[in-house]
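Everything below concerns the one structure shown next.
Throughout, a chain's letter reflects where its sequence line sits, starting with A, and its residues are numbered from 1.
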Protein chains: 2
Amino acid sequence: MRETNPNFMNGVPELLILRLLQQEEMYGYEIVQAIRDRTDAVIAAGEGVVYPVLHGLEGDGALKSRRRTVNSRSRIYYSITPAGRRRLADLSKTWTNLATAIQTML
Amino acid sequence: MRETNPNFMNGVPELLILRLLQQEEMYGYEIVQAIRDRTDAVIAAGEGVVYPVLHGLEGDGALKSRRRTVNSRSRIYYSITPAGRRRLADLSKTWTNLATAIQTML
DNA sequence: TGCAATGCCTCGAACTTCGATGTATTATAG
DNA sequence: CTATAATACATCGAAGTTCGAGGCATTGCA
């Protein structure tokens, strides 16, 4: 059984990650906390969710990464590509459509 | 790969089914079409989704069913139980919280 | 008589999320 | 100076859903 997030989470991590990276370059560990912080812990995607999504998106060419050392911390920074922006636009639209449809039924 | 609905569908069928049954008694086949119709085909949950969810909800005591023949059609009508109403209230609240959080980030 | 629609059902495939676990390095507290 | 917490990455199996295809039976209609 799931303990933290209920259902309704399918595809959400991907959407939020793309959204965050559209604003600025970030690294995995930072993204995990950013999602938690900016949603007031309503959404909590752990590292076991975020890292695989990051790898998947990079494999699809939606993200690119570069290793950087900041404050003597070695990190892998991800940034969004044009393909990633298109994907984000698509997902955003889809999500809004779906949310609107559901809201109407509620 | 999924052809019809994208992602974002996790738990949505359950939510919509409970919502429909809160208004009136319905049978499986009818629910499949009601979801499609009332969402302008934005959401389409096939029979392969609806029937298992129906059985699951009944198993959990959220729904109860009775066999009825209407217009010489034998149907299994489902109606919501008090437990089902509680579940619907919970799911609705959860969904709204989640949707609000996501909307804020977009 | 044949075909579409109604109505129920189940199965395996595919995909995600989740929590636990592991490793390594750096900062901090005692 | 030493133990512990925090940072940072990663992967694995379990669990839970949705999805499409397929099957079966009956009724309505052409």
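- Inspection of the B/Gln33 and B/Arg36 side chains reveals no N or O donor paired with an N or O acceptor under 3.5 Å.
- Between D/dT7 and A/Ser72, no contact under 4.0 Å exists linking OP1 or OP2 to a side-chain N or O.
- When the side-chain nitrogen and oxygen atoms of A/Tyr27 are compared with OP1 and OP2 of D/dA8, one or more of them lie within a distance under 4.0 Å.
- Checking D/dC9, C/dT25, C/dC9 against every side-chain atom of B/His55, the shortest atom distance belongs to C/dC9.
- For A/Ile31 and D/dT7, the CD1 to P distance is 16 Å, given to the nearest whole Å.
- Nearer to the 5' terminus of DNA chain C, by closest-nucleotide assignment, is the contact made by A/Val49 (compared with the other of A/Val49 and A/Asn71).
- Picking from D/dA8, C/dC8, D/dT18 the nucleotide with the shortest atom distance to the side chain of A/Tyr29 gives D/dA8.
- Rounded to whole Å, atom C1' of D/dA8 lies 15 Å from atom CZ of A/Arg68.
- Looking at the side chain of B/Ile76, the nearest of the listed nucleotides C/dG7, C/dC9, D/dA10 is C/dC9.
- Neither side chain, B/Ser79 nor B/Glu25, offers a donor N or O lying under 3.5 Å from an acceptor on the other.
- Computed from coordinates, the B/Leu57 CG to D/dT18 C1' distance equals 15 Å when rounded to whole Å.
- Looking at heavy-atom distances under 4.0 Å, A/Glu30 makes no contact with the nucleic acid at all.
- Across the protein-nucleic acid pair, A/Ile43 atom CD1 and C/dT16 atom P stand 17 Å apart, rounded to whole Å.
- Looking at heavy-atom distances under 4.0 Å, B/Arg73 makes contact with a base.
- Counting only N and O atoms by type, the side chains of B/Thr69 and B/Arg75 include no donor and acceptor under 3.5 Å apart.
- Atom CE in B/Met26 sits about 14 Å away from atom P in C/dT6, given to the nearest Å.
- Atom CD1 in A/Ile35 sits about 10 Å away from atom P in C/dT17, given to the nearest Å.
- Distance, A/Leu98 CG to D/dT18 P: 12 Å, rounded to whole Å.
- For A/Tyr78, the side-chain atoms get nearest to D/dA10 when compared with the rest of C/dC9, C/dT6, D/dA10.
- Backbone-only contact: A/Gly28 has heavy atoms under 4.0 Å from sugar-phosphate atoms and none from a base.
- Exactly one of B/Ile102, B/Asn97, B/Leu98, B/Thr96 qualifies for a side-chain contact (heavy atoms from CB on, under 4.5 Å) with B/Thr100. That residue is B/Thr96.
- Of the listed residues (A/Val12, A/Val49, A/Leu16), just one forms a side-chain contact (heavy atoms from CB on, under 4.5 Å) with A/Ile35, and that residue is A/Leu16.
- Taking the side chain of A/Gln33 as heavy atoms from C-beta on, and the options C/dC8, D/dT7, C/dT17, the nearest nucleotide is D/dT7.
- Here the side chain of A/Arg75 is nearest to one of D/dC19, D/dA8, C/dC8, namely D/dA8.
- A close approach under 4.0 Å does occur between a side-chain nitrogen or oxygen of A/Tyr51 and OP1 or OP2 of D/dC9.
- Atom pair A/Glu47:CD and D/dT11:P shows a separation of 13 Å (rounding to whole Å applied).
- At least one side-chain heavy atom of A/Leu18 sits under 4.5 Å from a side-chain heavy atom of A/Leu63.
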